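Just the heavy atoms: all of them, side chains too, but no hydrogens, waters or symmetry mates, feed the values below. The structure presented is a predicted model; accordingly, all values stated were derived computationally and were not measured. Positions are given from 1, in the same order as the sequence printed here.
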Amino acid sequence: MKRIRYYIATSAAALMIVCTSCKENYSVGEKVGNLIEFTQKGVIWQSWEGRMNMTQTGMNTSGEPFSFSFDNDKTDDKRQQELIELMKQAQVEGWKLKLRYHEVWGAKNVFSNRGETDYFIDDVVVLDKNFAKPLSNMGDANRGGRVVDTIFVVIDKAELLKNEK
(Lines give C-alpha, C1' and ligand atoms only; values in the text may rest on other atoms or scores of the structure.)
Protein backbone atom coordinates (compact mmCIF):
# COMPACT_ATOMS: atom_id res chain seq x y z
CA MET A 1 0.00 0.00 0.00
CA LYS A 2 2.84 2.38 0.84
CA ARG A 3 4.43 1.63 -2.52
CA ILE A 4 1.22 2.58 -4.40
CA ARG A 5 0.98 5.86 -2.48
CA TYR A 6 4.63 6.56 -3.30
CA TYR A 7 4.02 6.00 -7.04
CA ILE A 8 0.89 8.16 -7.00
CA ALA A 9 2.67 10.99 -5.16
CA THR A 10 5.70 10.75 -7.47
CA SER A 11 3.51 10.72 -10.58
CA ALA A 12 1.49 13.70 -9.35
CA ALA A 13 4.66 15.66 -8.56
CA ALA A 14 6.17 14.86 -11.99
CA LEU A 15 2.93 15.84 -13.75
CA MET A 16 2.80 19.12 -11.82
CA ILE A 17 6.43 19.91 -12.72
CA VAL A 18 5.82 19.18 -16.42
CA CYS A 19 2.63 21.25 -16.54
CA THR A 20 4.07 24.24 -14.72
CA SER A 21 7.25 24.28 -16.81
CA CYS A 22 5.34 24.70 -20.09
CA LYS A 23 6.02 28.05 -21.73
CA GLU A 24 4.00 29.95 -24.30
CA ASN A 25 6.91 32.19 -25.35
CA TYR A 26 9.84 29.81 -25.03
CA SER A 27 11.64 31.80 -27.74
CA VAL A 28 10.73 34.85 -29.80
CA GLY A 29 12.39 35.86 -33.04
CA GLU A 30 12.32 36.94 -36.67
CA LYS A 31 13.23 35.14 -39.89
CA VAL A 32 13.65 36.64 -43.39
CA GLY A 33 13.12 34.77 -46.64
CA ASN A 34 10.63 33.68 -49.27
CA LEU A 35 7.88 31.08 -49.00
CA ILE A 36 8.30 27.71 -50.62
CA GLU A 37 5.12 26.19 -49.18
CA PHE A 38 1.96 27.51 -47.56
CA THR A 39 -0.96 25.11 -47.18
CA GLN A 40 -3.88 24.29 -44.95
CA LYS A 41 -3.66 20.69 -43.83
CA GLY A 42 -4.52 18.25 -41.09
CA VAL A 43 -6.68 15.20 -40.46
CA ILE A 44 -8.38 16.10 -37.18
CA TRP A 45 -7.33 19.72 -36.76
CA GLN A 46 -6.94 21.82 -39.92
CA SER A 47 -4.09 24.32 -39.60
CA TRP A 48 -2.15 26.67 -41.87
CA GLU A 49 1.43 25.41 -42.23
CA GLY A 50 4.34 26.90 -44.13
CA ARG A 51 7.99 26.58 -44.97
CA MET A 52 10.34 29.39 -45.86
CA ASN A 53 13.81 29.47 -47.43
CA MET A 54 15.78 31.95 -45.37
CA THR A 55 17.84 34.56 -47.20
CA GLN A 56 20.92 36.53 -46.38
CA THR A 57 21.92 39.63 -48.36
CA GLY A 58 19.58 38.65 -51.18
CA MET A 59 20.89 35.10 -51.61
CA ASN A 60 19.34 31.84 -50.49
CA THR A 61 21.15 30.30 -47.57
CA SER A 62 21.86 26.64 -47.33
CA GLY A 63 20.25 24.48 -44.71
CA GLU A 64 16.81 23.41 -43.72
CA PRO A 65 13.83 25.64 -44.46
CA PHE A 66 12.09 27.27 -41.51
CA SER A 67 8.79 25.47 -40.80
CA PHE A 68 6.01 27.39 -39.05
CA SER A 69 2.29 27.32 -38.23
CA PHE A 70 -0.57 29.70 -37.64
CA ASP A 71 -2.13 29.10 -34.22
CA ASN A 72 -5.46 27.23 -34.38
CA ASP A 73 -6.38 28.73 -31.00
CA LYS A 74 -6.67 32.13 -32.76
CA THR A 75 -9.18 31.15 -35.47
CA ASP A 76 -11.49 34.05 -34.56
CA ASP A 77 -8.64 36.58 -34.66
CA LYS A 78 -9.23 38.99 -37.58
CA ARG A 79 -5.54 39.98 -37.73
CA GLN A 80 -4.49 36.35 -38.16
CA GLN A 81 -6.91 35.94 -41.09
CA GLU A 82 -5.39 39.03 -42.73
CA LEU A 83 -1.89 37.58 -42.29
CA ILE A 84 -2.98 34.27 -43.85
CA GLU A 85 -4.33 36.13 -46.90
CA LEU A 86 -1.08 38.11 -47.11
CA MET A 87 0.92 34.86 -47.00
CA LYS A 88 -1.18 33.33 -49.80
CA GLN A 89 -0.46 36.34 -52.01
CA ALA A 90 3.23 36.40 -51.04
CA GLN A 91 3.64 32.78 -52.09
CA VAL A 92 2.08 33.39 -55.50
CA GLU A 93 3.99 36.64 -56.11
CA GLY A 94 7.34 35.48 -54.68
CA TRP A 95 7.71 38.28 -52.14
CA LYS A 96 10.52 38.48 -49.61
CA LEU A 97 9.05 38.43 -46.08
CA LYS A 98 10.05 38.96 -42.49
CA LEU A 99 8.16 36.64 -40.11
CA ARG A 100 7.91 37.43 -36.41
CA TYR A 101 7.21 34.29 -34.40
CA HIS A 102 7.17 32.75 -30.97
CA GLU A 103 7.99 29.16 -30.03
CA VAL A 104 6.06 27.18 -27.41
CA TRP A 105 7.62 24.54 -25.20
CA GLY A 106 6.29 21.65 -23.17
CA ALA A 107 2.68 20.55 -23.26
CA LYS A 108 1.42 23.73 -24.96
CA ASN A 109 1.11 21.87 -28.31
CA VAL A 110 1.64 18.23 -27.37
CA PHE A 111 -1.22 16.90 -29.54
CA SER A 112 -0.43 19.27 -32.46
CA ASN A 113 -3.93 20.70 -32.07
CA ARG A 114 -2.63 24.27 -32.48
CA GLY A 115 -0.43 23.48 -35.50
CA GLU A 116 2.09 20.93 -36.72
CA THR A 117 5.10 22.91 -35.49
CA ASP A 118 5.85 24.72 -32.25
CA TYR A 119 6.66 27.98 -34.13
CA PHE A 120 3.63 30.28 -34.40
CA ILE A 121 3.52 33.41 -36.55
CA ASP A 122 2.68 36.68 -34.79
CA ASP A 123 3.31 39.17 -37.62
CA VAL A 124 4.36 39.31 -41.29
CA VAL A 125 6.17 42.23 -42.96
CA VAL A 126 6.66 42.42 -46.74
CA LEU A 127 10.27 43.48 -47.40
CA ASP A 128 10.51 43.20 -51.18
CA LYS A 129 7.72 42.65 -53.68
CA ASN A 130 10.17 42.26 -56.59
CA PHE A 131 12.45 39.72 -54.92
CA ALA A 132 11.59 36.89 -57.33
CA LYS A 133 11.55 39.18 -60.39
CA PRO A 134 14.78 41.23 -60.25
CA LEU A 135 15.05 41.69 -64.04
CA SER A 136 11.38 42.32 -64.82
CA ASN A 137 11.69 46.12 -65.17
CA MET A 138 15.08 46.36 -66.88
CA GLY A 139 13.66 48.42 -69.79
CA ASP A 140 12.33 51.14 -67.48
CA ALA A 141 14.44 54.29 -68.08
CA ASN A 142 13.43 55.89 -64.77
CA ARG A 143 14.57 52.92 -62.75
CA GLY A 144 17.94 53.17 -61.05
CA GLY A 145 20.28 50.24 -60.59
CA ARG A 146 20.13 47.89 -57.68
CA VAL A 147 22.10 44.95 -56.37
CA VAL A 148 20.59 41.67 -57.48
CA ASP A 149 23.23 39.33 -56.10
CA THR A 150 26.74 39.40 -54.70
CA ILE A 151 29.74 37.66 -56.27
CA PHE A 152 33.09 37.14 -54.57
CA VAL A 153 36.19 36.65 -56.73
CA VAL A 154 39.42 35.20 -55.34
CA ILE A 155 42.59 35.87 -57.32
CA ASP A 156 45.47 33.50 -56.72
CA LYS A 157 48.80 35.18 -57.58
CA ALA A 158 50.56 31.82 -57.93
CA GLU A 159 48.08 30.77 -60.64
CA LEU A 160 48.53 34.06 -62.48
CA LEU A 161 52.30 33.73 -62.45
CA LYS A 162 52.10 30.11 -63.60
CA ASN A 163 49.81 31.06 -66.51
CA GLU A 164 52.13 33.90 -67.61
CA LYS A 165 55.10 31.52 -68.09
*Does F66 CZ have over 12 foreign heavy atoms under 6.0 Å away?*
yes
*Looking at CG of L99 and OH of Y119, how far apart are the two atoms once the value is rounded to the nearest 0.5 Å?*
13.0 Å
*Distance from R51 atom CZ to T39 atom OG1, nearest 0.5 Å?*
9.5 Å
*Taking the side chain as every heavy atom from C-beta outward, state whether V126 and L97 have any pair of such atoms under 4.5 Å apart.*
yes
*Please confirm whether the backbone N or O of G42 pairs with a side-chain atom of Q46, one donor and one acceptor, at under 3.5 Å?*
yes
_Interatomic spacing from NZ in K31 to OH in Y101 - rounded to 0.5 Å_ = 4.0 Å
*With side chains defined as the heavy atoms from C-beta onward, is the minimum distance between W48 and K88 less than 4.5 Å?*
yes
*So, do R100 and V125 sit near enough that their side-chain heavy atoms are less than 4.5 Å apart?*
yes
*Quick one: salt bridge (charged side-chain N to carboxylate O under 4.0 Å, His left out) partners of R79, sequence neighbours excluded?*
E82, D123
*asked:* Side-chain heavy atoms nearer than 4.5 Å, only ILVMFWY residues, links allowed to pass through others: does that put L83 and I36 together?
replied: no
*Decide yes or no for V104 and Y26: does some side-chain heavy atom of the first lie under 4.5 Å from some side-chain heavy atom of the second?*
no
*Once you round to the nearest 0.5 Å, how far does CG of L86 lie from CZ of F38?*
9.0 Å
*Within the distance-only criterion (no hydrogens, no angle test), does the side chain of S69 pair as donor or acceptor with the backbone N or O of T117 below 3.5 angstrom?*
yes
_Quick one: does any side-chain atom of E116 pair with a main-chain N or O of E49 as donor and acceptor, under 3.5 Å?_
no
*State the CG-CH2 distance between D73 and W45, to the nearest 0.5 angstrom.*
10.5 Å
*Closest non-hydrogen atom pair, H102 against V28*: CB-CG2, 4.1 Å
*For the atom pair CE (M54) and CD (E64), what is the distance rounded to the nearest 0.5 Å?*
9.0 Å
*asked:* Determine whether a donor-acceptor pair (N or O, by modelled atom type, separation under 3.5 Å) exists between the side chain of D71 and the backbone of G115.
replied: no
*Heavy-atom distance under 4.5 Å between the side chains of M87 and F70, does that happen here?*
yes
